[in-house]
Amino acid sequence: MEVRSDGDAYQCLMDWIGVHKDLIRTTSFVATINYSGRVMDINPYGDTVSVNNQEDTEEDLTVAAKDFDNYWDERIHRDKARPFAYTPQEGLNYFWYKNRHLITFNRTSNYVSGEKTETVLLTCLGRDPSILKALLLEAQKSYIDQAGQEILIYRNGGRFWREFEAKATRIARPLSTVVLDEAQKQNLITDIRDYLHPLTKKWYQGRGIPYRRSYLLSGPPGTGKTSLCLAIAGEFILPVYVTSLQDPSVTEMKLSNMFAELPPRSLMLLEDIDAAGLSTKARGGPPGTNPNGPPNNENPFGETSGPRGLSLSALLNAIDGIISVEGRILIMTTNHVEQLDPALIRPGRIDHIVHFQLITTDMAEQMFRSFYDTQEIEMSKSQPIKDYVKRKLSSYDYPSSEQELERLAVSFAAKVPPGEFSPAQLQGYLLTHKYRPDKAIRNVNAWVKFERDEKAKKEQEKLRLEQQQKEQIQQQNQQNQKQEGSHDPSSPQASGETVLPSVEDKKPTDQTTTPRRSTRSRSKSVKAKSVRAKSVRAKSRKRA
Ligand SMILES: Nc1ncnc2c1ncn2[C@@H]1O[C@H](COP(=O)(O)OP(=O)(O)OP(=O)(O)O)[C@@H](O)[C@H]1O
């Protein structure tokens with residue numbers, strides 16, 4: 001059985017081999033740091049279990065609540081002592097699986113277009129490969145069990161999707177923490193839930209409609225587009241595949257392969273598609289092209305290439321071409337929906353658009369409530385944790401009831417001007433008063449003034465820079481013109497003469513005006529006229 005490094009099976013197998021490193025009796029290992037933060041431990045029953053080394057347990061929190069320095073020493077030590085993952089080096093190895101089956105494990109590598117790919121060849125004795133399948137299944141199960149309720153995040157790397165090296169998983173963000181119009185949020189979730197229903201798939205198939213769904217999250221920076229995407233993944237425990245079209249390694253071929261390799265029931269996130277510099281047909285091209293797009297270089301087929309050569313048609317093909325996988329959810333985010341090509345956002349390609357906005361009064365209220373809600377702390381069973389929070393709050397009479405919190409939230413939100421700040425900005429402000437809702441309310445007017453002043457300063461600076469740039473360009477142009485003139489030896493400017501407009505220069509150049517006849521052609525016609533007059537006169541004399 002061949003297991004290649006461009007597939008998920010390889011990751012599962014190598015993880016399993018890393019955990020069961022004592023199985024293979026070899027002295028040549030490949031050692032890699034286990035960045036995912038998971039360590040394999042032996043529990044009291046002798047089973048190998050996965051322990052997440054990076055997340056703090058309730059016990060860690062209790063130690064931290066009593067004495068931060070104590071906790072920190074221990075935490076830092078644990079972080080430094082990141083476990084190694086050992087896998088056998090290239091070559092042939094043997095091991096006994098379930099103490100009875102002799103398995104050979106042959107790891108080889110080769111380079112395809114400069115990229116290293118690996119292959120593991122698993123073989124067993126006899127003609128029945130079922131034991132190899134059982135091994136892979138066990139590896140897969142252990143891999144899935146480790147992930148639990150966390151979401152797996154993949155990014156594009158090399159030729160294929162690779163699990164995030166730095167952070168293999170993420171604790172899902174609760175949907176309730178993303179502040180958005182409640183009806184809009186619920187509509188979206190209902191839509192996705194309906195799409196994922198197996199009977200919906202049957203419905204699509206019965207009508208010959210490709211079973212795919214795409215969403216566009218549009219809005220200014222810092223309004224929660226990425227956060228909502230991760231919260232959706234958490235809600236449905238979907239693996240997330242992230243890529244950016246600005247990534248120079250994403251070629252047209254790779255983009256199409258990435259879409260084709262997505263598993264069904266997965267979420268693909270394409271961020272900031274407006275900034276990708278996607279090329280369209282030439283300006284003024286057929287419908288479906290963006291006439292406001294940047295000027296591009298036209299190729300012999302009438303297509304133009306953008307700054308990076310990734311064309312819009314390549315993205316459209318990847319999204320709904322015949323090799324694009326069915327069952328996936330595509331989420332694209334943009335800061336400028338108006339700059340997107342109509343072909344990209346037409347119904348069928350984008351099924352649902354969610355518009356994100358700057359903070360409204362209602363959203364400011366929601367953010368305040370979510371920041372100062374103490375429910376989570378009250379639910380903690382650890383007395384030191386409760387005491388810690390009480391100590392933190394002792395300087396202020398913390399909202400003791402929901403009604404009180406509501407009242408404070410309303411008074412806070414009334415001071416935040418709607419439509420001026422992003423949720424990210426407001427979150428930044430509230431973070432400076434984590435345990436002090438009273439101060440958050442008291443200082444909010446000053447914060448609004450400060451942010452406005454900063455914005456005005458930035459805008460002034462931007463204008464100044466633009467003006468400076470314009471002047472520089474003008475100066476440069478003037479210099480270029482002078483230089484061109486002085487380089488042309490036949491030009492009078494070169495000799496320093498004053499240049500007077502010549503007769504030729506005065507000739508009208510407009511092609512639409514009737515060209516004036518030349519002097520020669522005029523004299524020809526005058527001659528012809530006088531010849532004709534002479535012959536008429538001679539004829540009349542004859543008649544007389
Ligand atoms: N609607 C929101 N609800 C809750 N938190 C938010 C919201 N919007 C932004 N934030 C907070 O602001 C930060 C940035 O949010 P996020 O990355 O989701 O914004 P974005 O719209 O994707 O920004 P960009 O367009 O720059 O990528 C996050 O820490 C997030 O917690």
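A quick note: this is a predicted structure, and the numbers were derived from the prediction, not measured. Just follow the structure's listing: the first ligand is 1, and inside any ligand the first atom is 1.
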Can you tell me if [X] uses its side chain to pair, donor with acceptor, with the backbone of [Y] under 3.5 Å?
X: K225; Y: D272; answer: no
X: Y204; Y: G327; answer: no
X: Y372; Y: K434; answer: no
X: R349; Y: A343; answer: yes
X: S422; Y: T223; answer: no
X: Y429; Y: V444; answer: yes

Checklist outcome for this item: The atoms of ligand 1 lying under 4.0 Å from a heavy atom of T226, numbered in the order shown, are 17 (O), 18 (O), 22 (O), 27 (O)
Checklist entry - For ligand 1, which atoms sit closer than 4.0 Å to a heavy atom of V178? => result 3 (N), 4 (C)
Checklist entry - For the residue pair Y195 and Y211, is the inter-centroid distance of their aromatic rings smaller than 6.0 Å? => result yes
Return the residue, atom name and 0.1 Å-rounded distance of the protein heavy atom closest to [atom].
atom: atom 19 (O) of ligand 1; value: G224 N, 3.3 Å
atom: atom 5 (N) of ligand 1; value: R173 NH2, 3.3 Å
atom: atom 9 (C) of ligand 1; value: G222 O, 3.3 Å
atom: atom 3 (N) of ligand 1; value: V179 N, 2.7 Å
atom: atom 18 (O) of ligand 1; value: S227 OG, 2.6 Å
atom: atom 13 (C) of ligand 1; value: A424 CB, 4.0 Å

Item to check | Ion pair E461/K458, N-O distance below 4.0 Å | outcome: no
Checklist entry - Which bit of L217 is near ligand 1, meaning a heavy atom under 4.0 Å away: side chain, backbone, both or neither? => result neither
Checklist entry - Backbone, side chain, both or neither: what part of Q427 comes under 4.0 angstrom of ligand 1, heavy atoms only? => result side chain
Checklist entry - Heavy atom of T177 under 4.0 Å from ligand 1? => result yes
Next on the checklist: Would L180 count as a contact residue for ligand 1, given that I'm defining contact as a non-hydrogen atom of the residue lying under 4.0 Å from a ligand atom?
Outcome noted: no
Item to check | Candidate with minimal heavy-atom separation from atom 10 (N) of ligand 1, of P423, S176, G428 | outcome: P423
Next on the checklist: A quick test of your reading: do over 12 heavy atoms of other residues, nucleotides or ligands sit less than 6.0 Å from CZ of R442?
Outcome noted: yes
